[in-house]
Asks: 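Before I ask anything, here is the structure I am working with.
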Amino acid sequence: MLKTLAVGNYRSINRLVLPLERLNLITGPNGSGKSNLYRALRLLAETAQGGVVNALAREGGLESTFWAGPERLSRRMRNGDVPVQGGPRQAPMRLRLGFAGEDFGYAISLGLPEPSRSAFALDPQIKRESIWAGPSYRPASLLVDRAGALVRRREGRGWKVATQHLPSFDSLFDPIGKDPGCPEVFHLRETLRGWRFYDHFRSDAEAPARQPQLGTRTPVLHHDGRDLAAALQTIREIGDGEALDEAIADAFPGARLRIDAQAGGRFAVELHQEGLLRPLSAAELSDGTLRYLLLVAALLTPRPPALMVLNEPETSLHPDLLPALGRLIVAASAHTQVWVVSHASRLIATLERHPGCNAIHLEKTLGQTAVGGQGLLDEPPWHWPD
């Protein structure tokens, strides 16, 4: 389980260190930085997929993602006074992302490339990567360290060079992940690859979830929900079918869910509602009802990930469905670490009633995203590898 998330120099986030629990709720007004924090978490996941450079390119390039404010906030600025024009930056521009769990921690630093005549001269470069043991970085706890093209790993009381020619656009997870001398790299890579992000399922008339689809055992719902019927049937057969029925009844009293196994091996969703003489197909369901079924399939997965992230799951849902969704999220947090980004008051109220909910309220001061009420002594311990 992640215990700490750290982000530096990313869009509206100059420096942010967050404590994490099993159930994490990120709230705040529009423009406070919720989406930037969500994107930063997705970038971290991309490092294990070999796509962090491409992901930054899709965001407009590394330079466009840098924090645009002053390098340091003066005491007058922190106290809310008018900011004073600062001088030039003293340190190299770096985008820094990191996290720490109960067993291992990881940090990555990305910067601009050296001037060259390459057609890829604007691609960001990975300047530093580090993996350490335990929840807090210390030089003595460092296990794997990458500086530029050189990667070294701890061996006994010394160090062994793992590679000296790692391309600047490749994370150390790619070449070192299968090294038997670095089991922690493989462990972290597989953990990051297992993180699941669900963000704005399609619910339009042509959405794949509305159409009958070829059904095979599906313990993990696809991120766009195309295999909804198969995922729901998998939950009923090898997952918690009772919890599935309860989630449907909680949101739609008197309703029953059925998966129609059609000719040719195609599965289709049918929802039997009280008072109707025939079931409703997925094509007939409202956007909110379909999205609720998609969230049910995601949260009741028979194969829980290390981390599940829901970005504004309340989209298209009727407010009366939000308490049921909140109870479903709380139940899921018993099996997986959950991260919810939301501004829906009824969903927030349901989650905050759970004693284990870690509610983080973001606010923006002088353009900088910060945690409301968090002082320097309230932050979890965090040190970037220098």
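Keep in mind that what you see is a predicted model, and the values were worked out from it rather than measured.
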Asks: Taking all atoms of both residues into account, what is the closest heavy-atom pair of L232 and L244, and its distance?
Replies: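 Looking at all heavy atoms of both residues, the shortest contact is O-CD2, 3.7 Å.
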Asks: Do S281 and R210 have a side chain donor and acceptor closer than 3.5 Å?
Replies: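 Absent: no donor and acceptor within the cut-off.
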Asks: Output the distance between atom CD1 (I26) and atom CD (E312), rounded to the nearest 0.5 Å.
Replies: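 If we round to the nearest 0.5 Å, I26:CD1 and E312:CD are 12.5 Å apart.
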Asks: Report, as yes or no, whether the 6.0 Å neighbourhood of atom CZ on R258 holds more than 12 heavy atoms from other residues, nucleotides or ligands.
Replies: yes
Asks: Checking R39 against Y10: charged group under 6.0 Å from the ring centre and within 45 degrees of the axis?
Replies: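 Checked: cation-pi criterion not met.
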Asks: Roughly how far, to the nearest 0.5 Å, is CG of L321 from CD of E314?
Replies: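 Between atom CD of E314 and atom CG of L321 there are 12.0 Å.
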Asks: Just checking, any donor-acceptor pair under 3.5 angstrom between side chains of E363 and S32?
Replies: no
Asks: Going by the salt bridge (charged side-chain N to carboxylate O under 4.0 Å, His left out) test, which pairs reach into residues 335-354, not counting sequence neighbours?
Replies: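 As it turns out, the salt bridge (charged side-chain N to carboxylate O under 4.0 Å, His left out) pairs with a partner in residues 335-354, which skip direct neighbours, are D320-R346.
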Asks: At what distance, to the nearest 0.5 angstrom, does CG of L299 lie from CG of L310?
Replies: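 Taking CG in L299 and CG in L310, the distance rounds to 5.5 Å.
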Asks: Which pair of non-hydrogen atoms, one from A298 and one from Y198, has the smallest distance, and what is that distance?
Replies: CB-CE1, 3.6 Å
Asks: Determine whether V220 and W195 fall in the same hydrophobic cluster, where Ile, Leu, Val, Met, Phe, Trp and Tyr are linked whenever their side-chain heavy atoms lie under 4.5 Å apart.
Replies: no
Asks: First locate atom CD1 of I176, then atom CZ of R152, and finally report the distance between them rounded to the nearest 0.5 Å.
Replies: 13.5 Å
Asks: Do any N or O atoms from the side chain of S168 and from the backbone of Q125 form a donor-acceptor pair under 3.5 angstrom?
Replies: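 No, because the side chain of S168 does not come within donor-acceptor range (under 3.5 Å) of the backbone of Q125.
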Asks: Test T4 against every option in P381, P135, P380 by the side chain to side chain contact (heavy atoms under 4.5 Å, CB included) rule and name the one that passes.
Replies: P380
Asks: Under the ring pair (Phe, Tyr, Trp, His ring centres under 6.0 Å) rule, what pairs show up with a residue in residues 242-270, not counting sequence neighbours?
Replies: F252-Y292
Asks: Centroid separation under 6.0 Å, is that true for the rings of W384 and Y106?
Replies: no
Asks: Run K127 and L110 through side-chain contact (heavy atoms from CB on, under 4.5 Å) and show every step you take.
Replies: CA-CA 5 Å; K127 303 292 187 178; L110 298 107; 6.0 Å; no
Asks: Give a yes or no on whether the ring-centroid distance for H223 and F197 is below 6.0 angstrom.
Replies: no
Asks: So, are E379 and R15 salt-bridged, with charged N and O less than 4.0 Å apart?
Replies: yes
Asks: Does a side chain donor of either E129 or S171 reach within less than 3.5 Å of an acceptor in the other side chain?
Replies: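 There is such a pair (donor and acceptor under 3.5 Å, judged by atom type) between the side chains of E129 and S171.
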Asks: Is any NZ, NE, NH1 or NH2 atom of the basic residue among R278 and E270 found under 4.0 Å from an Asp or Glu carboxylate oxygen of the other?
Replies: no
Asks: Verify side-chain contact (heavy atoms from CB on, under 4.5 Å) between R22 and M1, making sure each step is shown before the conclusion.
Replies: CA-CA 7 Å; R22 292 202 66 83; M1 185 179 82; 3.2 Å; yes
Asks: Can a salt bridge be assigned to the pair D145 and R153 using a cut-off of 4.0 Å between side-chain N and carboxylate O?
Replies: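 So D145 does not pair with R153 through a salt bridge.
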Asks: If you round to the nearest 0.5 Å, how far is CG of L307 from CG of L192?
Replies: 9.5 Å
Asks: If I take atom CD1 from residue I238 and atom CZ from residue R303, how far apart are they, to the nearest 0.5 angstrom?
Replies: 7.5 Å
Asks: Show the nearest heavy-atom pair for residues I248 and A255, with the distance to one decimal.
Replies: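 So the minimum-distance heavy-atom pair works out to CG2-O, 4.0 Å.
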